[in-house]
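Since this is a predicted model, take the numbers as computed values, not measurements.
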Amino acid sequence: MIKKFHNLLHRQTNPNSLAVFRISFGFIVALTVLEWIIPRANGKTSLQIFFTDPGILFPYPFFEWITPTSLPMLNAIAWTCIVASLCLALGMLTRIAATIVFLTWTYLFLLDQSQYNNHYYLQSLIAFVLIFSPSSSVWSLDALIRNRNAKPDASLPLIPFAPIFALRAQLTFVYVFGAVVKLNSDWLIHAQPVKIFLQNSTAAKISPLANSDVVAYFIAYTGVLFDFLIAPLLLIPRTRILAVFLLLAFHGINHFFLFTDIGYYPLLGILASTIFLEPNWPNRVHKFLKLKKFSQPNLKYLIAGFILLPPIGAALGWRAKSTASFQSPTKPSSPLMTAFILIFLILQTLIPLRHYLIPGDAAWSHEGDYFSWRMKASAKTAVYTAFMIDDPIAAKPLLEKSNPTTLFYNLHSQSADFKRLPTLFATVEPIIGSRLIYNPQSSLSQSDPIFFGSPYTAQSRIKRHWRNEFDSSPTFAVTTSRKQVFNTLLTKFSAFPDTTPQMIIYLKNILKLSELLSTPQTDLLKLKSITANLRNNLQALLQTIARKKLAKHQSLAIQHLAELPPLALTGSLPSNKNFLIIMDPKFKPSPDSLIPNPEKKRTKHAVIDLHVALTPDFLRLPQSLPTITYDKKLTFFYNHIHESDALAAPQIRVIGARPNITRLFARHIARQYHQIHARTPKIYVFTYVTLNQHPTQPLVDPAVDLAASPYHHLSHNPWILPHNPTYLPN
């Protein structure tokens, strides 16, 4: 067996297909890196946004020694990669160019695992194979220089089949392993995450039919079949022409209709797959183009193919001619080449399979997930992520201060117990912003002579106290229900002749969504979706009013939105009691001091629904929020969104969704805290994640100090909680 394999690798063959592959690959890498150094609309390049602006990068396991350098040096490395890629395409100093491409591209690729992309990894592997390949035998500047004294009728040089075999094997691994990971119930039974991809696709904007179950299941099953069959279809003469059309259709649909984040992978997939064709296919295409008429198809295969896969299956009618493209070796064969390719094949088989040796679902735990060709096999989103800093030494004096820092109540809007909240607190809410609220439900209000009583009876006492303390007179708004506020706006807006039909539609949508929020939602993802839709409709309504400069509408909207109860836009349940909104034009709450102190020794409190708050809400808050929970325990919520200037967008998206990155960020927080306080705190993480639209559930154990927990790369980490598709929260 080994001898036959050795002989196959060393049989001499036509070098043209490898030359086309080299040229295509060089230009694709150059285009990819060039896109990273072209400034975006904000004037920054991708290199700057992803690798130098972030205050923290997440290195790959075993590659922690690869660290970023300065932006000028990164730009120099990128330009070196581009020049080397073009030299590779032109075939100038080809092996040296391939080596430089491999080193520079792999360096950029390994800087941050939050930027992981399967086709970036594939480009590193291809560049590595090309280092040892005679890809410059023809159609290269090296060959032109080498053969400048050769006779015009010199025969075409031949190359060993080994590099073509290695590239074919590598691409087969990509497709086959990409299909194997999709053999699960989510993909085959529920067509997930295909349905999610379709909802956000360009196709859905073109036609609502793209969101149908029929389309989702069709894409799911044809995608798996394509990945399993494309390599053999390209190798078989009868199906080769059909396979080329399938390649064009598959990658074209992915690029133009389904995904916007796959870069040049469709182009790489199409051009790289030509390595499966006969090694002399460029010559045969040239001859075909010179023919005056097409060859007659085989009607039997044409009709059968059209019926099985209309209309593209008709390509089965034409059969690619097979030629004897191999010759016996003319040079002594090297056992080192055979050993090298065997080791390469074994590694590329074992690395993608390692996650099957680790208990649990790799799509959920991400254990053994990298370098395993899990391409678009799952959709995972962190709905809520909170890093809690536990340092009792810091918490005790904070509570004992006469005028402590603002305390934030970490609560879920649908389970907020206002009886346990202070009499006077501030909220940070989407669209509305910060508000100062008198809470008559507070159990503390009974003993407070200033704030005791209902919102109506307390107004005069609060006004007198405010005038004495701050020398200003506040105004008040009494809250009512969401439904009443938006019904009032709908009635009044409908009476205005300049109200547009679209504005009425927005308000009716808001009312429907308010009804959905009138009952408790156990699924955080569903709650976030409903409240996000409500806010989007309200934001669109306010933008329409501002754009059309409708002063009456704007005044009414401001007046009545002030009457919304606390956290109404983040999903709070209806309350049978009213709150009092205290408004003072001289007072503008800020993150550092959200409410003025009516009493010198009064603790300041603020409330925000951390589960469904938007990024702008967190940006208005401090980086570290002293948080008091319902059990009166004080801890610190680390506002990682506040580090958006120090984190790239992909990093923020995956911090709560990939356990190892969650752990690395927890360690980052602990290091920062130690630098300031000379103490290492415990970091507890609450992150709730949804996988393929299954119910939202915790990803990591919130009782484990994640900053001190080790990470096992080849076994399961017990602090990663198992995935339960039927999870129901307590």
Side-chain angles (χ1 to χ4, degrees), residues 9-10 13-37 63 66 76-111 117-147 157-171 173-174 263-265 267-269 271-276 279 282 334 336-341 343-345 347-348 371:
L9 295 180
H10 290 82
T13 190
N14 189 296
N16 288 351
S17 65
L18 185 61
V20 172
F21 185 95
R22 183 205 76 233
I23 294 168
S24 304
F25 177 73
F27 281 119
I28 289 173
V29 174
L31 286 172
T32 303
V33 182
L34 185 63
E35 196 173 45
W36 285 12
I37 60 176
F63 291 98
I66 295 181
I77 292 171
W79 276 112
T80 301
C81 186
I82 292 173
V83 172
S85 300
L86 295 176
C87 289
L88 179 64
L90 297 173
M92 184 171 66
L93 302 173
T94 311
R95 291 182 189 269
I96 296 175
T99 303
I100 294 173
V101 169
F102 169 72
L103 293 175
T104 54
W105 172 258
T106 305
Y107 168 78
L108 295 173
F109 165 63
L110 291 176
L111 281 175
N117 198 313
N118 281 287
H119 74 266
Y120 291 170
Y121 173 47
L122 177 61
Q123 289 179 186
S124 284
L125 293 174
I126 291 175
F128 180 72
V129 172
L130 288 179
I131 294 173
F132 308 97
S133 302
S135 59
S136 62
S137 298
V138 293
W139 302 346
S140 68
L141 294 177
D142 287 347
L144 187 65
I145 296 171
R146 190 167 52 245
N147 302 326
L158 299 178
I159 62 171
F161 182 62
I164 296 177
F165 177 86
L167 292 170
R168 285 181 178 180
Q170 181 58 72
L171 292 173
F173 289 143
V174 173
Y264 290 102
Y265 177 68
L267 185 60
L268 176 64
L271 295 177
S273 296
T274 59
I275 201 69
F276 287 97
S334 170
L336 289 177
M337 180 185 292
T338 305
F340 171 81
I341 292 182
I343 294 171
F344 181 78
L345 295 179
L347 288 175
Q348 288 305 308
F371 317 118

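- Between F132 and F128, the angle of the ring planes goes over 60°, which puts this pair in the perpendicular group of the 30/60° scheme.
- When all heavy atoms of Q123 and V29 are compared, the pair lying nearest together is NE2-CG2, 4.1 Å.
- Residues V33 and T104 fail the side-chain proximity criterion, which asks for heavy atoms closer than 4.5 Å.
- Of all non-hydrogen atoms in P279 and T13, the two that sit nearest each other are CG-OG1, 3.3 Å.
- Remark: Y120 engages W36, W105 in a ring-ring contact (aromatic ring centres under 6.0 Å, His included) (not counting sequence neighbours).
- Looking at heavy atoms from C-beta onward, V138 lies in side-chain contact with P157 at the 4.5 angstrom threshold.
- The side chain to side chain contact (heavy atoms under 4.5 Å, CB included) search around T106 returns F102, L110, S124, not counting sequence neighbours.
- Side-chain contact between F276 and L167 is absent, with no heavy atoms from C-beta onward closer than 4.5 Å.
- To the nearest 0.5 Å, atom CZ of residue R22 and atom CZ of residue F27 are 9.5 Å apart.
- Scored by the ring-ring contact (aromatic ring centres under 6.0 Å, His included) test, Y265 finds H119, H251 as partners (sequence neighbours excluded).
- Residues forming a ring-ring contact (aromatic ring centres under 6.0 Å, His included) with F344 (at least two apart in sequence, or on another chain): none.
- Summarising the geometry of I159 relative to I164, their closest heavy-atom pair is CD1-CD1, 4.5 Å, with the distance given to 0.1 Å.
- Side-chain contact check for F165 versus L345: some heavy-atom pair is nearer than 4.5 Å.
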Residues 84-98, side-chain donor-acceptor partners within the protein, below 3.5 Å, at least two apart:
from	atom 1	to	atom 2	distance (Å)
S85	OG	C81	O	2.7
T94	OG1	G91	O	3.3
T94	OG1	D142	OD2	2.7
R95	NH1	I131	O	3.0

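- Judged as a side chain to side chain donor-acceptor pair (under 3.5 Å), and not counting sequence neighbours, T274 has no contacts.
- Every residue meeting the side chain to side chain donor-acceptor pair (under 3.5 Å) condition with S273, not counting sequence neighbours, appears here in chain and number order: Y175.
- Going from atom CG of L267 over to atom CD1 of I28 covers 4.0 Å, rounded to the nearest 0.5 Å.
- The ring-ring contact (aromatic ring centres under 6.0 Å, His included) contacts involving residues 79-100 comprise nothing, where partners must be two or more places apart or lie in separate chains.
- Note that CG of L34 and CD1 of I82 are 5.0 Å apart. Values are rounded to the nearest 0.5 Å.
- Taken to the nearest 0.5 Å, the CG atom of N118 stands 9.5 Å off from the OH atom of Y121.
- Within the structure, no pair that satisfies the side chain to side chain donor-acceptor pair (under 3.5 Å) test touches residues 127-141, not counting sequence neighbours.
- Looking at residues two or more places apart in sequence or on another chain, you find a side chain to side chain donor-acceptor pair (under 3.5 Å) between N16 and N14, N283.
- Y264 meets the ring-ring contact (aromatic ring centres under 6.0 Å, His included) test with no other residue; sequence neighbours excluded.
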